[in-house]
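A short write-up of the structure that comes next.
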Amino acid sequence: MSEIQKSYEPQSVEDKWYQYWQTHGCFTADPSRVSERRPAYSIVIPPPNVTGVLHMGHVLNNTIQDILARKARMDGKEVLWLPGTDHAGIATQTVVEKTLKKQGAIRHRDDLGREKFLEKVWEWKDKQGGIIIQQLKKLGASCDWSRERFTMDPAYSRCVQRVFVELYRKGLIYRGRRMVNWCPVSLTALSDEEVTMKDQKGFLYHFRVEVAEAPGTFLTIATTRPETIPADTGVAVNPRDPRYQHLIGKHVIRALPPEQTREQRLIPIVADDKVDFEFGTGVLKVTPAHDKTDFEIGQRHGLGVIDVLTPDGHMTAEAGLDLAGLDRFAARKKAAEILEAHGALEKAEPYANKVGFSERADVPIEPRLSDQWFLKYPSLEKSRACVDPSESGESASPAVAGVSSSSHKMRFHPQRWAKVYDHWLGNIQDWCISRQLWWGHRVPVWSLELTPDAAARLSARIRHASIETLSNSDADASARSFSFSGVAGAESWVRWDGDTRTLQVATHSQDEEGALQELGFAQDTDVLDTWFSSWLWPFATMGWPESTPTLKAFYPTADLVTGPDIIFFWVARMIMAGYEFMGDLPFRNVYFTGIIRDKQGRKMSKSLGNSPDPLELIAKFGADALRFGIMRSAPLGQDVLFDEKDVELGRNFCNKLWNACRFRQMQGGEVQGEIDATRLATDDRWILMRLDQAIREIDAAYAAYRFSEVTQTLYRFFWSEYCDWYIEASKAAFTGDDAALKTNRIAVIDFVLSHMLRLFHPLLPFITEELWHGLGFSADMPPDQGGRTLMTAPWPHPLSETEKDIWGLDDTTEKVAAARYELVSLGRTLRAQFNVAANQKARFVLRPAGELPPAERDVIKLLLNADPLEIADSNWQPDKGTPAAANAVGELFLPLAGLVDVTAERSRLDRDLAKIRAEIVKVEEKLANPAFTSKVPAKVLEEHHQRLADWQSKAQQVESSLANLPAA
RNA sequence: GCGCGCUUAGCUCAGUGGUAGAGCACUUCCUUCACACGGAAGGGGUCGCAGGUUCGAACCCUGCAGCGCGCACCA
């Protein structure tokens with residue numbers, strides 16, 4: 001930093017240092033360095049979508065991770081922050097398909113076929129997939145890029161297969177024909193978590209059906225979906241509902257489609273507890289093919305299943321002539337019209353209800369019966385037990401916790417998410433893990449229908465077992481082991497499906513895959529839910545199933561930083577996978593960020609256009625500014641209302657920091673390492689104590705994951721204490737002529753700055769590194785202790801008792817300094833009140849209450865811009881009406897002969913006095929209350945006495961000023 | 001319906017029992033040799049409402065209201 005510029009220009013600094021850190025391997029974790037003295041610290045990044053671009057949520061999330069990682073390095077830990085990306089099945093496939101369509105290359109992905117289409121996706125991934133990684137680097141993320149992973153990497157894919165097969169073997173993964181959430185746009189099944197309930201305005205249609213056995217008797221049914229009437233296979237009433245008991249077992253004539261015969265339209269009236277007789281008419285149409293509850297009712301009563309919807313949400317021929325081919329929403333209107341035309345529609349009343357929407361495609365999902373793969377969640381009990389959902393999670397004292405809080409080994413921050421987590425795990429349903437997509441991990445199951453021909457082929461190949469063994473239909477839930485290839489170690493897990501007479505074989509062995517293909521087995525066409533790969537992230541990225549040095553050193557990870565919106569999708573499932581496959585939890589702490597919103601509180605979204613581009617913000621204000629701005633306004637567990645002003649504030653802050661260091665540099669000289677305790681001024685002692693206090697507060701805030709508090713403390717210490725008071729006061733020493741004093745002052749400044757830059761580094765990595773080198777602090781340290789980079793400088797510790805003793809730091813010193821600053825403020829207020837311009841030298845007279853060394857006087861003089869500052873003895877008397885202020889340091893006068901508006905001054909002083917007296921009354925009343933004085937702690941009582949004395953002396957001062965006013 | 005969170009200065013938010021705070025915005029003054037991306041001074045709040053506990057409540061308890069978010073098979 002030879003020629004330091006007047007303002008900080010991040011552009012020239014950021015790329016330089018990022019490059020430097022990378023070429024020096026500062027981000028690379030080395031498991032061999034881990035030891036008792038150098039513990040491991042690890043974080044895995046929540047992998048962003050490989051085709052995604054950086055948004056403000058990423059900024060918040062990754063800034064926090066970077067802060068944790070950089071802080072841990074400075075704490076002397078071996079740090080692994082493991083980065084990577086996620087293949088994001090539906091999102092990526094949709095994006096690529098849309099792009100190809102837009103280019104006119106295809107009309108549908110079928111035009112290309114699976115293989116060709118996947119080639120295109122990989123091309124896209126190779127071209128676009130690095131973007132977000134590059135953006136993270138701009139932000140300053142200190143990830144170990146040598147370990148970057150992608151969920152579709154070959155090794156990672158093997159992990160996914162292995163896990164699938166393992167769970168298949170245990171019988172936890174099974175294929176079944178069940179009701180699933182079907183997205184008619186993406187044309188795939190979704191998990192329950194991918195469905196969000198939305199309020200919808202629609203109609204509740206009331207229509208009549210005739211009871212077949214009692215002509216002329218009608219039942220009225222209420223429904224929001226009349227288009228599914230053709231799929232009704234029954235009508236249900238509550239068995240305890242007296243209105244309908246006599247009709248149970250009879251039939252009604254289904255209203256649609258009208259062209260069907262009476263026989264075709266007869267459906268039974270069944271009794272089922274699930275029917276709520278408060279709702280509507282208490283009669284429920286049962287549509288097993290298109291409603292989950294109805295499906296269950298249908299199962300209980302042996303009702304048939306009629307499917308009237310195509311996968312993309314259009315009506316089938318089964319829906320009847322009028323509806324066939326219509327879109328489901330058009331069909332709804334049409335069905336109502338037909339009912340009306342036949343006189344069956346009683347009324348259609350406006351109705352608000354909740355409808356499940358596909359989170360991705362933002363359209364209503366269809367409950368649909370289909371063959372899918374499901375997972376019974378593993379290691380549920382352990383996963384649930386490891387997080388304590390009780391309110392008192394933070395303080396559970398061993399005495400109270402009979403159940404032992406040590407069994408809860410994981411902490412959520414904020415704690416309240418533990419309850420949400422616990423509730424979800426307590427009400428969990430099997431996970432539908434198959435997706436009807438092409439982009440993803442293909443289900444590693446091969447199947448073959450056991451025709452006589454196939455059996456012959458199999459027996460020629462099978463070496464150790466007979467077909468009878470393999471196809472034994474009484475096989476239990478778990479699969480049996482067998483190798484088709486005969487290669488040692490190559491295993492398959494076989495299950496017999498009696499219904500379809502097929503053999504199902506799951507394997508993660510390439511040899512087996514080849515052998516199976518030769519035998520005519522066909523691989524399942526579905527792929528797995530993306531989360532089925534990301535739930536393995538903490539260990540699959542570290543080389544599992546091999547016991548690699550990385551895995552041994554860095555699993556389990558320390559902290560996970562993520563959004564609460566994926567607590568079920570990802571966090572909970574990772575915990576289960578961790579216990580199931582590693583036998584240990586995947587992380588010890590989970591920090592849930594808030595959600596970034598705009599300043600009106602709306603979620604950031606592309607369609608609203610309210611989502612600022614972080615890269616533009618970085619270009620405009622600098623990465624440090626962005627980091628600072630967002631961290632300062634991101635309190636623990638609350639959503640963040642983001643405003644560009646926040647980043648501007650960060651920019652201003654960086655500039656201030658830059659200039660504070662520039663000021664130091666302008667004083668010249670080398671780094672001053674030795675502080676001479678005998679030459680310490682009150683101001684020096686004061687700032688050292690404030691530094692000590694700041695370090696303690698920051699450490700406490702980090703321990704509680706309160707990052708905004710860290711930021712605010714740093715802000716206060718640097719700006720309000722160091723700059724506003726200490727540096728300003730130091731100018732007195734620098735304009736003086738005591739060289740030794742100046743040198744010592746510089747030593748204190750260097751001490752404070754070198755600590756401050758370290759405290760700031762996790763938050764502001766770029767500017768601090770630049771200043772660290774520019775001020776020469778790096779030259780003062782061993783290479784691996786901050787000499788090469790601030791990244792490895794040791795984290796500051798609070799001052800020791802020895803240091804405090806040597807430097808003479810005590811409460812009295814602090815009070816003396818604070819009182820002097822207070823007097824300066826009082827004097828400045830006088831200036832402002834009497835319109836003495838700030839840049840105008842003014843004559844002040846100070847009548848000190850006690851001893852006041854010349855150096856102290858000089859500071860007051862400078863801070864007040866007083867010239868002259870006359871020191872008066874106790875006999876000196878001001879002219880009548882001289883503005884004055886006083887505190888423990890003494891009385892300060894601003895002589896303004898003839899300039900004072902006596903009337904205005906009197907009323908100002910009267911107002912002040914009234915306020916002061918009100919305070920005195922408040923304290924006096926408290927002190928006069930025996931209940932107060934007898935019960936309150938001694939310390940509080942003492943404080944009140946002191947407060948009373950302070951107010952009283954202020955009152956006296958104002959009173960004497962009033963008395964000193966000339967008669968008006 | 002159940003659960004969670006929020007309600008403090010014009011705005012965004014800190015503040016968990018002992019004198020109501022910060023940043024921004026606002027008003028006035030100042031380009032004084034680190035910084036106008038700056039400095040100085042100032043105005044502005046019965047801490048959502050109502051009870052209760054306490055010597056003392058923004059803070060603890062109860063109830064209510066408003067806003068937001070989860071979860072839930074009311075067609």
Side-chain angles (χ1 to χ4, degrees), chain A residues 4 6-8 196-197 204 221-225 228 236 274-276 278-287 291-297 351 353-354 367 414 416-417 419-420 423-424 427 564-565 567-568 595 597 599 601 621 625 632-635 637-643 645-646 648-667 706 708-709 712 715-716 719-720 723-724 727-728 731 735 825 828-833 835-841 863 865 919 922-923 926 929-937 939-941 943-944 947 950-951:
Chain A
I4 188 159
K6 195 171 172 182
S7 60
Y8 174 55
T196 53
M197 301 305 270
L204 191 60
I221 305 176
T223 182
T224 53
R225 302 198 62 184
T228 64
K274 273 286 145 106
V275 180
D276 175 0
E278 302 280 311
F279 187 86
T281 58
V283 185
L284 173 69
K285 73 195 240 345
V286 183
T287 322
D291 185 279
K292 205 176 168 195
T293 310
D294 288 10
F295 179 75
E296 285 160 12
I297 294 174
Y351 185 68
N353 65 337
K354 296 220 174 197
R416 64 187 152 87
W417 292 108
K419 216 171 195 173
V420 177
H423 182 257
W424 186 74
N427 298 277
D565 47 336
I567 185 170
F568 311 137
I595 292 166
R597 300 170 178 279
K599 58 181 164 182
F621 299 109
R632 197 180 154 280
S633 56
Q638 296 303 129
D639 287 354
V640 183
L641 269 58
F642 178 81
D643 186 348
K645 285 256 180 218
D646 295 335
E648 202 179 317
L649 179 95
R651 189 265 319 260
N652 296 352
F653 187 86
C654 290
N655 191 56
K656 183 88 174 172
L657 181 61
W658 181 262
N659 274 289
C661 292
R662 180 163 166 252
F663 174 79
R664 155 63 186 94
Q665 208 194 28
M666 289 167 75
Q667 307 316 314
R706 304 180 71 104
S708 64
E709 215 165 281
Q712 280 165 19
Y715 191 105
R716 186 206 67 214
W719 202 305
S720 309
C723 291
D724 287 351
I727 286 293
E728 292 306 321
K731 288 174 181 173
T735 54
S825 287
R828 287 169 173 172
T829 304
L830 289 180
R831 289 183 75 115
Q833 274 164 348
N835 297 317
V836 180
N839 63 337
Q840 190 185 330
K841 300 274 185 208
L863 293 177
N865 197 22
E919 292 295 335
K922 255 161 71 178
V923 184
K926 273 189 169 184
N929 182 356
F932 176 79
T933 49
S934 63
K935 290 187 180 179
V936 91
K939 189 176 163 233
V940 175
L941 193 60
E943 273 171 19
H944 279 75
R947 201 185 305 162
D950 289 349
W951 284 120

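Chain naming here is simple, since letters A, B, ... match the order of the sequence lines and numbering starts at 1 in each. Only this structure's heavy atoms are used, side chains among them; waters, hydrogens and symmetry mates stay out.
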Sorted by chain and residue number, the side-chain contact (heavy atoms from CB on, under 4.5 Å) partners of A:R831 (sequence neighbours excluded) come out as A:V836, A:Q840, A:A842, A:F844, A:N865

The nucleotide from B:rC37, B:rC35, B:rA40 with an atom nearest the side chain of A:S7 is B:rC37

What distance, rounded to whole Å, do you find between the two P atoms, one in B:rA57 and one in B:rG66? 28 Å

So A:E648, base contact, sugar-phosphate only, or nothing? Heavy-atom distance under 4.0 Å. nothing

In 5'-to-3' order, the base (B), backbone-only (S) or no-contact (-) status of each nucleotide in nucleotides 57-62 of chain B, using a 4.0 angstrom heavy-atom cut-off, is ------

Per nearest nucleotide of RNA chain B, the residue lying toward the 5' end, A:Q840 or A:R416, is A:R416

Q | Same-atom distance (P) from B:rU28 to B:rG68, integer angstrom | A | 38 Å

Side chains of A:D294 and A:L284, heavy atoms from C-beta outward: is any pair under 4.5 Å? yes

Please list, pair by pair, any protein nitrogen or oxygen found under 3.5 Å from a nitrogen or oxygen in nucleotides 15-17 of chain B.
from: B:rG15; atom 1: OP1; to: A:R706; atom 2: NH2; distance (Å): 2.3

Look at the side chain of A:E728 against the base of B:rA34 and say whether a donor-acceptor pair falls under 3.5 Å; ignore hydrogens and angles.
yes

Closest non-hydrogen atoms of A:C654 and A:A625, given as atom of the first, atom of the second and distance, are SG-N, 4.1 Å

Looking at side-chain heavy atoms only, is the closest gap between A:R716 and A:Q712 below 4.5 Å?
no

Check: A:R828 and A:L863 side chains under 4.5 Å, non-hydrogen atoms = yes

Residues at least two apart in sequence or cross-chain that pass side-chain hydrogen bond (donor to acceptor under 3.5 Å, both in side chains) with A:D950, listed by chain then number, are A:Q946

Check whether any side-chain heavy atom of A:T933 sits under 4.5 Å from a side-chain heavy atom of A:H944, and report yes or no. no

Kindly give the atom pairs (protein nitrogen or oxygen, nucleotide nitrogen or oxygen) under 3.5 Å for nucleotides 42-45 of chain B.
from: B:rG42; atom 1: OP1; to: A:T829; atom 2: OG1; distance (Å): 3.4

### Query
So, is A:N659 near the phosphate of B:rC37, with a side-chain N or O under 4.0 Å from OP1 or OP2?
no

What one should report as the nearest heavy-atom pair of A:N655 and A:Y8 is OD1-N, 3.1 Å

Testing B:rA20, B:rG18, B:rG70 for proximity to the side chain of A:H944, the answer is B:rG18

Inter-nucleotide P distance (B:rG5, B:rG15), Å rounded: 15 Å

**Report entry** Distance below 4.0 Å between A:W719 side-chain N/O and B:rC37 OP1 or OP2
**Finding:** no

Classify A:W951 by what it touches in the nucleic acid, base, sugar-phosphate, or nothing, heavy-atom distance under 4.0 Å.
base

Tabulated below should be each protein N or O lying under 3.5 Å from an N or O of nucleotides 72-75 of chain B; please produce it.
from: B:rC73; atom 1: O2'; to: A:T293; atom 2: OG1; distance (Å): 3.4
from: B:rC73; atom 1: N3; to: A:K274; atom 2: NZ; distance (Å): 2.9
from: B:rC73; atom 1: N4; to: A:K274; atom 2: NZ; distance (Å): 3.0
from: B:rC74; atom 1: O2; to: A:D276; atom 2: OD2; distance (Å): 2.1
from: B:rC74; atom 1: N3; to: A:D276; atom 2: OD2; distance (Å): 3.3
from: B:rA75; atom 1: OP2; to: A:Y351; atom 2: OH; distance (Å): 2.9
from: B:rA75; atom 1: N6; to: A:D276; atom 2: O; distance (Å): 2.6
from: B:rA75; atom 1: N6; to: A:F279; atom 2: O; distance (Å): 3.3
from: B:rA75; atom 1: N1; to: A:D276; atom 2: N; distance (Å): 3.2

Sticking with atom C1', work out how far B:rC29 lies from B:rC59, rounded to a whole angstrom. 39 Å

Between A:K419 and B:rC71, is there a contact of a side-chain N or O with OP1 or OP2 at under 4.0 Å?
no

Item checked: Heavy-atom check, side chain of A:F932 versus side chain of A:L941, under 4.5 Å -> yes

Heavy-atom closest pair (A:L649 atom, A:R632 atom, distance to 0.1 Å) is CD2-CD, 3.3 Å

The nucleotide from B:rG18, B:rA34, B:rG38 with an atom nearest the side chain of A:F932 is B:rG18

Span that lies between the P atom of B:rG21 and that of B:rG44, in whole angstrom: 14 Å

Check your understanding: What nucleic acid atoms does A:C723 come within less than 4.0 Å of, heavy atoms only: base, sugar-phosphate, or nothing?
Key -> base

A:R632 atom CZ is separated from B:rA22 atom P, nearest whole Å, by 12 Å

The salt bridge (charged side-chain N to carboxylate O under 4.0 Å, His left out) partners of A:K731 (sequence neighbours excluded) come to A:E728

Taken to the nearest whole Å, CG/A:N929 to P/B:rG56 is 8 Å

Heteroatom pairs (N/O) under 3.5 angstrom, protein to nucleotides 26-30 of chain B:
from: B:rC30; atom 1: O3'; to: A:N839; atom 2: ND2; distance (Å): 3.0

So does A:R651 reach the base of B:rC37 with its side chain, donor to acceptor, closer than 3.5 Å? yes

Note: A:V923 and A:R947 closest approach over all heavy atoms is CG2-CD, 4.1 Å

Notebook entry, point to check: Across the strands shown, which category fits A:P564 at heavy-atom distances under 4.0 angstrom: base, sugar-phosphate, nothing?
Noted result: nothing

| Side chain A:Q665, main chain A:C661, donor-acceptor under 3.5 Å | no

Side-chain atoms of A:V420 come closest, of B:rC37, B:rG18, B:rG70, to B:rG70

Pairs under 3.5 Å (Watson-Crick or G-U), crossing ones as [ ], inter-strand ones as |: RNA chain B comes out as ((((((((.[[[[.)..(..]]]].(((((.......))))).....[[[[[..)....]]]]])))))))....

Looking only at B:rA14, B:rA34, B:rA20, the nucleotide nearest the A:M666 side chain is B:rA34

Base, sugar-phosphate or nothing for A:R947? Non-hydrogen atoms, less than 4.0 Å. base

Worksheet entry | C1' gap between B:rC33 and B:rU27, integer Å | 29 Å

B:rG56 and B:rU19: how far apart are their P atoms, nearest whole angstrom? 15 Å

Which of B:rA34, B:rC24, B:rG70 is nearest the side chain of A:R662? It is B:rA34

**Side chain proximity check, A:K419 to A:H423, heavy atoms < 4.5 angstrom** = no

The side-chain contact (heavy atoms from CB on, under 4.5 Å) partners of A:S825 (sequence neighbours excluded) come to A:W725

side-chain hydrogen bond (donor to acceptor under 3.5 Å, both in side chains) filter on A:R664, not counting sequence neighbours, yields A:D750

Residue set satisfying salt bridge (charged side-chain N to carboxylate O under 4.0 Å, His left out) with A:K354, at least two apart, ordered chain then number -> A:D199

Report task. Using the P atom as the reference point in each nucleotide, state the distance between B:rA40 and B:rC35 in Å, no decimals. Result -> 14 Å

All heavy atoms of A:G282 vs all of A:V275, minimum pair found to be O-CG1, 3.4 Å

Margin query: Angle between ring planes, A:Y351 versus A:F279, binned at 30° and 60°: parallel, tilted or perpendicular?
Written below: perpendicular

Rounded to the nearest 0.5 angstrom, the CD1-CH2 distance for A:I567 and A:W417 is 6.5 Å

Margin query: Whether the side chain of A:N659 engages the backbone of A:K6 through a donor-acceptor N/O pair (distance < 3.5 Å, no angle test) should be reported.
Written below: yes

